[in-house]
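Chain identifiers are assigned alphabetically (A, B, ...) following the order of the sequence lines, protein sequences preceding nucleic acid strands; residue numbering begins at 1 within each chain.
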Amino acid sequence: MQSVPTQGEISFPVTTQDPDYYFATRLISQVQRDLQRANRRHLMIASRWVIAYEYLKTLEERLLTQEAPLEREKIFFNATVAVMLGLGRLLMQQLGADEDKVSLDSLGLTFDDLSACVAELEDIERSTHREWEPGVANQLHAAFGVPAR
Amino acid sequence: MPPSESQLGDEQRLRLLELLYAYSTCPEDEKATARAALYRGVDEFRAPLGIGRQEVIDYLRTFHFKDYYRRRKRQERGEV
């Protein structure tokens, strides 16, 4: 059984004054708090998680389009992805186990859509930390017609 | 003249990057559909090569996605 990290356990390695990060981390702490409550309000938690995810996507776009993003922004983004991924997995687990079978219809989402958002964060986190064996990377470079690097 | 292996690889890479871009930028209520389309495309590509789905997605994200993403955003803003 997964447990929710407490407020003290989730800490970001750098601080930032950026308002998008500020609101994302505020929402994340609300999602954390609500997931720990005995009387969980899953629709509200899902709603907050999705809004935090939208902030995260805005930040991702900024990082991807900047020529040379600041190192601390990259670190903060990666930490936020990791926390959001953990909370997203936990939320999915609780939504799946909920006896009342909370419907996400009123958010305009399906369970599969939310699951795909969580899966995207998994992809981002995995590819960020992946260490490439030269053989695999070269096989893919060759398959895609890209000169080996 | 038939396309070379390099041209075919390039076309496949751009097709998969387009699917990855669609998955990354679509609204939340289209995420499941976009993910399914990406997985189908990646699976078609990787099956004959014996490479895992995650490897292909990670490869595209690591080596090509940032450039593709920036180019697409510039196109959308009418800068290209």
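Heavy-atom pairs under 4.5 Å with chain B peak, among A:Ser127, A:Ser115, A:Ala119, at A:Ser127. With chain A as partner, the option from B:Leu49, B:Asp67, B:Leu16, B:Ile51 having the largest number of non-hydrogen pairs under 4.5 angstrom is B:Ile51. Heavy-atom pairs under 4.5 Å with chain A peak, among B:Lys73, B:Arg46, B:Glu28, at B:Glu28. In terms of non-hydrogen atom pairs under 4.5 Å with chain A, the most contact-rich of B:Ala34, B:Ala36, B:Ala32 is B:Ala32.
Both the backbone and the side chain of B:Gln54 come within contact range of chain A, each with at least one heavy atom under 4.5 Å from a heavy atom of that chain. At a 4.5 Å heavy-atom cutoff, the contact between B:Arg35 and chain A is made by side-chain atoms alone. For B:Leu38, no part sits under 4.5 Å from any heavy atom of chain A, backbone or side chain. For a residue to count as touching a neighbouring chain, one of its non-hydrogen atoms must lie under 4.5 Å from one of that chain's; by this rule A:Glu133 does not touch chain B. For B:Lys66, the parts lying under 4.5 angstrom from a heavy atom of chain A are both the backbone and the side chain. Heavy-atom distances place both the backbone and the side chain of A:Glu61 under 4.5 Å from chain B. Contact annotation for A:Leu104: neither backbone nor side-chain heavy atoms come within less than 4.5 Å of a heavy atom of chain B.
Contact annotation for residues 45-53 of chain A against chain B (heavy-atom separation below 4.5 Å, listed by residue number): A:Val50, A:Tyr53.
Within the 4.5 Å cutoff, the side chain of B:Arg70 has heavy atoms near those of the A:Glu67 side chain.
Judged purely by distance below 3.5 Å, without hydrogens or angles, the side chains of A:Thr110 and A:Asp113 pair a donor atom with an acceptor atom. If you check the side chains of A:Lys57 and B:Ser24, you find a donor sitting under 3.5 Å from an acceptor.
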Would B:Tyr68 and B:Leu14 count as a side chain to side chain contact (heavy atoms under 4.5 Å, CB included) here? Give the steps. CA-CA 8 Å; B:Tyr68 184 83; B:Leu14 289 175; 4.1 Å; yes
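With a 6.0 Å cutoff to the six-membered ring centre and a 45° limit on the axis angle, B:Arg72 does not count as a cation-pi contact of B:Tyr69.
Within a 6.0 Å radius of CZ in A:Arg126, other residues, nucleotides and ligands contribute more than 12 heavy atoms.
Taking the six-membered ring for Trp and the full ring otherwise, A:Phe144 and B:Tyr59 have centroids separated by under 6.0 Å.
With B:Lys31 contributing its side chain and B:Tyr23 its backbone, the two residues share a donor-acceptor pair below 3.5 Å.
The only option from A:Leu35, A:Val118, A:Val31 that meets the side-chain contact (heavy atoms from CB on, under 4.5 Å) definition with A:Leu90 turns out to be A:Leu35.
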